[in-house]
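Throughout, numbering of the chain's residues begins at 1 and tracks the sequence.
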Amino acid sequence: MCGIAGIVLRDPSRPSCGAVEQMLAAIRHRGPDGRGVKSLGPCVLGNVRLAIVDLTECGAQPMSNDDGSIWITYNGETYNAAELRGYLEGRGHRFRSATDTEVVLRLYEELGDDFVTKLRGMFAFAIWDDRRNRLLLARDRLGIKPLYIAPIPNGLVFASELRAFAASGLLPAKLDPRAARAFLQLGHIPAPWSALSGVEPLLPGEMAVWQDGGLCRSTYWQLPLSCSGPEPMSRDEAAPAIQAALLDAARLHRLSDVPVAVFLSGGVDSAAVAALMQAGGARDLTALTIGFAEGAERGTFDESESSQRTAEQLGIPHLVLQLSAAETAGSLDQALWAMDQPTMDGLNAYWISRAAAGAGFKVALSGQGGDELFGGYTSLRWFQRFEGAAKNLRYVPVGAGPILFDHSGFPMRWRKLSYLMGAGDPFVAAQLAVRVLFLDSDVGRLMMPSLARDRLSTNTEAAEHIRYWAAQCANCDSLEKIALLDIHAHLQPRLLRDGDAMSMAHGLEVRPLFLDHDVVGRVMWAPPRVRMDHKSLLLAALRGLMPEALRSEIAARPKHTFTFPFSHWISGPWRSEIQNAFDPNRIRAAGIFQPEAVSSLWNQYCRSPEAIGWSRIWTLFVLQRWSEVMGVRP
């Protein structure tokens with residue numbers, strides 16, 4: 001696991017090593033075990049290394065083939081590297097290291113661009129092919145590992161994190177207004193935008209080739225749809241094949257030359273990962289749980305007791321890492337820096353990753369993706385209810401919604417019902433009514449006029465994002481569409497991005513076992529009514545892999561999301577920090593928000609927290625304070 005960065009230019013005489021050095025310095029937290037820069041004429045590749053497999057200098061990057069005509073800078077883990085190594089050795093290749101990086105490099109040398117379809121893992125990499133004078137970039141199928149690109153007048157810049165672009169000196173650290181508006185409505189920044197103007201993410205399952213001064217992008221993998229799959233099957237028919245895929249993934253995910261932990265809550269997903277890793281042959285596995293040291297946090301959010309019962313029944317050593325409110329308040333700026341770009345989520349990943357790294361771990365397994373694949377979210381029923389309501393209200397004049405519901409004195413959850421009236425697409429309307437934090441009118445009031453949307457525009461960034469993904473599955477039934485939007489509009493742009501940024505800020509590699517693409521393909525093959533039935537398919541697939549008493553117990557435990565007591569902290573230990581960030585002079589200096597609008601909303605929240613909701617205050621604070629910490633301005 002590493003951080004990568006590089007530049008390719010039309011004019012090879014222009015020096016760029018210094019810029020890449022600056023980029024690597026900005027992301028050195030991603031790779032504390034090594035650093036390298038290689039100038040290759042028109043291309044400069046850089047890498048900071050977190051050594052997980054083959055800890056020797058043989059794994060140093062950038063890495064070349066035997067004659068130095070092909071070079072790679074690589075971030076990730078290729079779990080089927082041993083199998084691919086055997087194939088390549090049979091084809092005459094001789095290896096200098098035990099790394100998966102060299103396997104990827106030689107597989108490209110053997111197969112050309114089709115090689116990426118043979119990789120099983122999480123990855124983002126760049127390959128410079130001097131024979132063809134071209135740069136190839138690729139990102140894994142589910143988007144677990146990040147990769148950003150930015151065209152510049154004479155070439156292309158790429159990196160694992162946005163902060164590298166700001167450090168390069170090649171682009172201004174300027175906030176993208178479209179990204180800021182999307183963030184206020186969705187709580188994260190989805191593709192094709194990023195917080196920095198001129199920078200965008202390579203998409204999951206996408207390759208890009210820069211050659212002869214031009215960039216060509218192509219998709220090599222798409223999420224399979226069950227609506228194009230086989231005849232309907234029952235849960236008991238689907239479970240054995242899913243169990244086999246999960247066990248195979250667990251066997252591959254144990255690959256490591258350093259100790260491995262598993263993030264353990266009291267729920268189904270993390271217990272499943274722990275049991276699967278045991279069944280897959282993992283040894284010396286340690287379970288880690290965040291516990292709360294005091295007060296209201298212990299009663300509602302602390303899962304240390306239920307996770308302890310899970311660990312005991314599985315026979316896994318268990319560490320509870322205590323977190324105090326004072327500790328969170330003292331590390332807010334560090335967490336905001338770690339975000340890389342604004343997100344309302346991710347602090348949970350930041351603190352458990354910090355604790356894991358502090359306990360000496362470099363690798364941890366997580367249950368990310370379990371809710372999206374197996375129907376774990378309680379919001380599922382709200383999507384369905386709102387879609388039904390929008391269908392009944394579609395012939396109501398569209399202007400009636402704001403007139404009836406969009407009033408500043410109404411609670412936010414009421415105001416969002418305005419989306420359901422006169423909706424051209426009831427599914428999109430329901431998605432917006434559930435997902436949106438601030439309404440269009442709120443964004444216009446809060447943001448400086450220069451950043452607000454053109455009043456003549458009829459489409460917001462949030463609506464554009466939701467409509468795009470809804471169109472990709474237009475022929476699927478409603479339940480399938482909800483499941484796909486949970487992946488494309490929540491898991492990929494928010495949870496996976498946040499998980500990478502927050503864990504790598506501490507030099508920790510997190511492996512989401514459920515998102516092995518073979519597992520995803522097998523699960524998506526099952527009909528939505530079977531797959532999305534509140535984890536029942538996952539529990540059926542776990543039969544025989546964990547004690548039956550534990551399987552029954554975790555199925556009966558109440559659903560808890562991995563979240564923290566933000567409402568309590570905002571009104572308590574964080575209050576002065578937020579109050580200071582909302583000082584009109586600081587708001588004015590940052591140039592993003594209108595001071596009077598922010599002060600008004602903060603005062604409303606202080607009077608009636610439930611009417612406004614902690615998430616909206618937190619979203620404003622994150623964007624304001626992130627811009628200050630990162631030095632990004634409009």
Side-chain angles (χ1 to χ4, degrees), residues 1-9 12 16-17 20 24 31 33-140 145 147 155-156 158-160 202 207-212 216 220 255:
M1 194 62 62
C2 305
I4 68 173
I7 301 170
V8 61
L9 300 172
S16 52
C17 283
V20 175
L24 293 182
D33 300 325
R35 176 172 169 174
V37 174
K38 183 66 177 179
S39 180
L40 300 160
C43 180
V44 179
L45 300 180
N47 184 280
V48 287
R49 184 187 181 209
L50 178 66
I52 303 296
V53 175
D54 191 344
L55 310 185
T56 72
E57 283 302 307
C58 293
Q61 296 188 54
M63 182 183 291
S64 75
N65 65 343
D66 293 331
D67 65 9
S69 62
I70 304 173
W71 287 79
I72 186 171
T73 180
Y74 172 85
N75 170 32
E77 296 292 344
T78 299
Y79 299 122
N80 63 335
E83 175 190 341
L84 295 171
R85 179 184 295 266
Y87 160 75
L88 290 165
E89 287 175 337
R91 300 286 295 173
H93 291 266
R94 295 294 174 262
F95 287 82
R96 301 188 299 262
S97 75
T99 64
D100 55 341
T101 303
E102 189 176 1
V103 171
V104 174
L105 174 66
R106 293 187 182 278
L107 193 66
Y108 168 79
E109 190 176 26
E110 179 68 27
L111 299 179
D113 293 358
D114 287 343
F115 83 112
V116 72
T117 64
K118 309 298 182 185
L119 304 179
R120 185 174 177 182
M122 54 180 188
F123 51 79
F125 56 79
I127 293 176
W128 174 253
D129 190 333
D130 197 56
R131 303 166 305 179
R132 304 170 69 180
N133 199 45
R134 71 169 201 162
L135 179 73
L136 183 146
L137 303 164
R139 192 173 174 204
D140 67 70
K145 292 288 103 183
L147 185 57
L156 183 78
F158 67 88
S160 297
L202 204 66
M207 294 174 59
V209 172
W210 192 95
Q211 190 172 28
D212 299 327
C216 179
Y220 69 88
L255 173 73

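Of all the heavy atoms in Glu102 and Arg94, the pair that sits closest is OE2-O, 4.0 Å. Across Leu84 and Lys118, no two heavy atoms sit closer than the pair CD1-O, 4.0 Å. Nearest heavy atoms, Val20 versus Gly6: CG2-CA, 4.2 Å.
In this structure, Asn133 and Trp128 have side chains that are in contact, with non-hydrogen atoms separated by less than 4.5 Å. Within the 4.5 Å cutoff, no side-chain heavy atoms of Arg120 are placed close to those of Glu83. Using a 4.5 Å heavy-atom threshold, the side chains of Val104 and Phe123 count as separate. With contacts defined as side-chain heavy-atom distances shorter than 4.5 Å, the pair Arg49/Thr99 qualifies. By the 4.5 Å heavy-atom criterion applied to side chains, Thr117 and Leu111 are not counted as neighbours. Two residues are said to be in side-chain contact when any heavy atoms from C-beta on lie closer than 4.5 Å; Arg131 and Ile70 meet this criterion. For the pair Thr78 and Leu107, the minimum side-chain heavy-atom distance is 4.5 Å or more.
No donor-acceptor pair under 3.5 Å is formed between the side chain of Arg106 and the backbone N or O of Asn65. In this structure, Asn47 contributes its side chain and Gln61 its backbone to no donor-acceptor pair below 3.5 Å. Ser64 places no side-chain N or O within donor-acceptor distance of the main-chain N or O of Trp71, the cut-off being under 3.5 Å. A distance-only check finds no donor-acceptor pair linking the side chain of Thr73 to the backbone of Pro62 [under 3.5 Å]. The backbone N or O of Ser69 lies less than 3.5 Å from no partner atom in the side chain of Asp130, so there is not a single donor-acceptor pair.
Between Arg139 and the choices Val116, Asn75, Leu202, the side-chain contact (heavy atoms from CB on, under 4.5 Å) rule is met once, by Leu202.
Classification of the Phe125-Phe115 ring pair by plane angle, with boundaries at 30° and 60°, yields tilted.
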Practice problem: Give the intermediate values and the outcome of side-chain contact (heavy atoms from CB on, under 4.5 Å) for residues Ser97 and Met63. | Solution: CA-CA 10 Å; Ser97 75; Met63 182 183 291; 4.3 Å; yes
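A donor and an acceptor atom, one from each side chain of Asp113 and Tyr220, are nowhere located under 3.5 Å apart.
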